[in-house]
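Beneath this line is the structure, given in C-alpha cells, with notes to follow.
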Amino acid sequence: MKDAFGAPQSLLVLGGTSEIALATARRLIALRTRRVWLAGRPSPALESAAAELRGRGADVRTVDFDALDSASHEVVLGKVFAEGDVDVVLMAFGVPGDQARDEEEPMAAVRVAQTNYTGAVSAGLVCAGALQAQGHGSLVVLSSVAGERARRADFIYGSSKAGLDAFAQGLGDALQGTGVQVLIVRPSFVRTRHTAGLPEQPFATGPEEVATAIVTGLRRRSETVWVPGALRVVMAALRHVPRPLFRRLPV
C-alpha cells in the first residue's frame, strides 16, 4: 500500500522495456517505491532494464508477458498479484506500426490493433479486477494524442489508441467508488528510440516529461493528463474543425 509519504510502494509495468515506463519507474523508486515487476517478452533489454532499476535500490522481478497472448493474461498477471498488493499498474506496451506498410498488408494492421487495443483490453480488465479485489491501487494507461482525431498520416495507429482511450475512460467510470484510480495519459509525439529519425512534430516531448506528468497525476489522483499540458486546449479546438479543412492542416 502507499506509505506515509503518499508514494506507491509497488509497481507493475506492462511493457517493461518502454522508455516512458522506465523513466516513470526511476522517479517512483526515488519516491520510495521498493518492489517493481517488469512484464514483457524475454530479452536482453528486459534484463538490462531490471538490472538498472535494481541498482537504484528496488527489488525488481521480470515477468514473461505477451500482449498478443490474451489467453495467458489472467494466469500470468494473477501470479504477480498473488505475491502481494500492487499499488500502481502502468500499461505501457504498444507498437506504432508503419502506416504505408500496414495499408498494403492488412495483417500487419491487425497486429497493431491487437497489440494496442485487444491486448490492452484483456490485460486492463485482469489488472482492474485484481486492484478492485485488493481495494486500492492505480491503473495508468498510456494513450496518445493520436487517438483524439484520425489523421491521414497514422489513422491505423490512431484508431487503436482511440479505442484504448475510450475503453480506459469507461473502465475508470466503472471503478468509481472502489478505491481504484484510472489515469489516462495522452502524450504528443514522444522522442524515443522508436521515433528516432522521424520528422519532429509540434508539441514533441520526451520520456522524462511524460514520467513527470504521470507521477504528478498519480499524486493528484487525476483522471487524464496531457503532455505537454497545452495539448488539452489545442485538441479541444482541433476536435471541432470541419473535416475538409482538417485534411489540409499540417498535423
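Remark: side-chain polar atoms of D87 are paired, donor with acceptor, to backbone N or O of S10 under 3.5 angstrom. For T115 (side chain) and V112 (main-chain N/O), no donor-acceptor pair under 3.5 Å exists by modelled atom type. Side chain of T216 to main chain of T212: a donor-acceptor pair is present (N/O by atom type, distance under 3.5 Å, no hydrogens or angles). With hydrogens and angles disregarded, no donor-acceptor distance shorter than 3.5 Å links the side chain of Q132 to the backbone of V180. Proximity of a side-chain donor or acceptor of H73 to a complementary backbone N or O of D66 within less than 3.5 Å is detected. Between the Q181 side chain and the E223 main chain, no donor and acceptor come within less than 3.5 Å of each other. Of the possible polar contacts, none joining the D165 side chain to the K161 backbone as a donor-acceptor pair under 3.5 Å is found. Here the side chain of T205 pairs no donor or acceptor atom with the backbone of S188 at under 3.5 angstrom. S72 places a side-chain N or O within 3.5 Å of a backbone atom of D69 that can act as its donor or acceptor partner. Between the R186 side chain and the L231 main chain, no donor and acceptor come within less than 3.5 Å of each other.
When every heavy atom of A23 is checked against every heavy atom of P207, the shortest pair comes out as CB-O, 3.9 Å. Summarising the geometry of L164 relative to S143, their closest heavy-atom pair is CD2-CA, 4.4 Å, with the distance given to 0.1 Å. Across Y157 and P96, no two heavy atoms sit closer than the pair CB-O, 3.5 Å. Of all the heavy atoms in S160 and A113, the pair that sits closest is CB-CA, 4.2 Å. In this structure, G15 and F93 approach most closely via the heavy-atom pair CA-CB, 4.0 Å. A pairwise comparison of heavy atoms in R221 and S138 identifies NH1-OG, 4.3 Å as the closest pair.
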Exercise for the section: Decide yes or no on side-chain contact (heavy atoms from CB on, under 4.5 Å) for D85 and Q9, but give the supporting numbers first. Expected result: CA-CA 9 Å; D85 285 3; Q9 294 185 7; over 6 Å; no
Exercise for the section: Go through the steps for D173 and Q169 under the test side chain to side chain donor-acceptor pair (under 3.5 Å), then give the verdict. Expected result: CA-CA 6 Å; D173 291 341; Q169 290 180 57; over 6 Å; no
Exercise for the section: Test I29 against R34 for side-chain contact (heavy atoms from CB on, under 4.5 Å), laying out the working first. Expected result: CA-CA 6 Å; I29 290 170; R34 288 296 170 262; 4.1 Å; yes
Exercise for the section: Could you walk me through whether V234 and W226 pass side-chain contact (heavy atoms from CB on, under 4.5 Å), step by step? Expected result: CA-CA 11 Å; V234 172; W226 299 76; over 6 Å; no
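Considering only heavy atoms from C-beta on, L171 stays 4.5 Å or farther from V141 through its side chain. Considering only heavy atoms from C-beta on, L14 comes within 4.5 Å of C127 through its side chain. Counting heavy atoms from C-beta outward, L38 and L22 have side chains that approach closer than 4.5 Å. P8 is listed as a side-chain neighbour of L28, based on a closest heavy-atom distance under 4.5 Å. Looking only at side-chain heavy atoms (C-beta outward), D64 and V76 stay at 4.5 Å or farther from each other. A 4.5 Å side-chain heavy-atom check between V63 and K79 finds every atom pair outside the cut-off. Contact annotation: the side chain of R61 approaches that of E83 to within less than 4.5 Å [non-hydrogen atoms, C-beta and beyond]. In this structure the side chain of F81 reaches within 4.5 angstrom of the side chain of V89, judged on heavy atoms.
Between Y117 and F167, the ring planes are perpendicular. Angles over 60° get that label, and only those under 30° would be called parallel.
Linking Ile, Leu, Val, Met, Phe, Trp and Tyr residues whenever their side-chain heavy atoms come within less than 4.5 Å leaves L218 and V182 in two separate clusters. Cluster membership check: L142 shares its hydrophobic cluster with V13, using side-chain heavy-atom separations under 4.5 Å among Ile, Leu, Val, Met, Phe, Trp and Tyr. By the criterion of side-chain heavy atoms lying less than 4.5 angstrom apart, applied directly or through intervening Ile, Leu, Val, Met, Phe, Trp or Tyr residues, V225 is grouped together with L90 in one hydrophobic cluster. Grouping the Ile, Leu, Val, Met, Phe, Trp and Tyr side chains by contacts below 4.5 angstrom, directly or via other members, places I20 apart from W37. Residue F65 is not grouped with residue L53 when hydrophobic side chains (ILVMFWY) are merged at heavy-atom distances under 4.5 angstrom, including chains of intermediate members.
Separating the CD1 atom in I156 from the CZ atom in R151 is a distance of 13.0 Å, to the nearest 0.5 Å. If you take CG on L68 and CZ on R111, they are separated by 5.0 Å, rounding to the nearest 0.5 Å. Distance check, rounded to the nearest 0.5 Å: CG of L183 to OG1 of T224 gives 7.5 Å. The CZ atom of F246 sits 12.5 Å away from the NE2 atom of H240 when rounded to the nearest 0.5 Å. The OG1 atom of T62 lies 15.5 Å from the CZ atom of R41; values are rounded to the nearest 0.5 Å. Interatomic distance, OG1 of T24 versus CG of L11, reported as 8.0 Å (0.5 Å rounding).
Under 4.0 Å is where a charged nitrogen must lie from a carboxylate oxygen, and between R26 and E208 at least one such pair does. Ionic pairing of E52 and R56 is present here: one or more N-O contacts between side-chain nitrogen and carboxylate oxygen are shorter than 4.0 angstrom.
Taking Ile, Leu, Val, Met, Phe, Trp and Tyr as members and joining any whose side-chain heavy atoms lie under 4.5 Å apart, directly or through other members, the hydrophobic cluster of M107 also contains V110.
Within 6.0 Å of CD in E74 there are 12 or fewer heavy atoms belonging to other residues, nucleotides or ligands. Within 6.0 Å of CZ on R239 lie more than 12 heavy atoms contributed by other residues, nucleotides or ligands.
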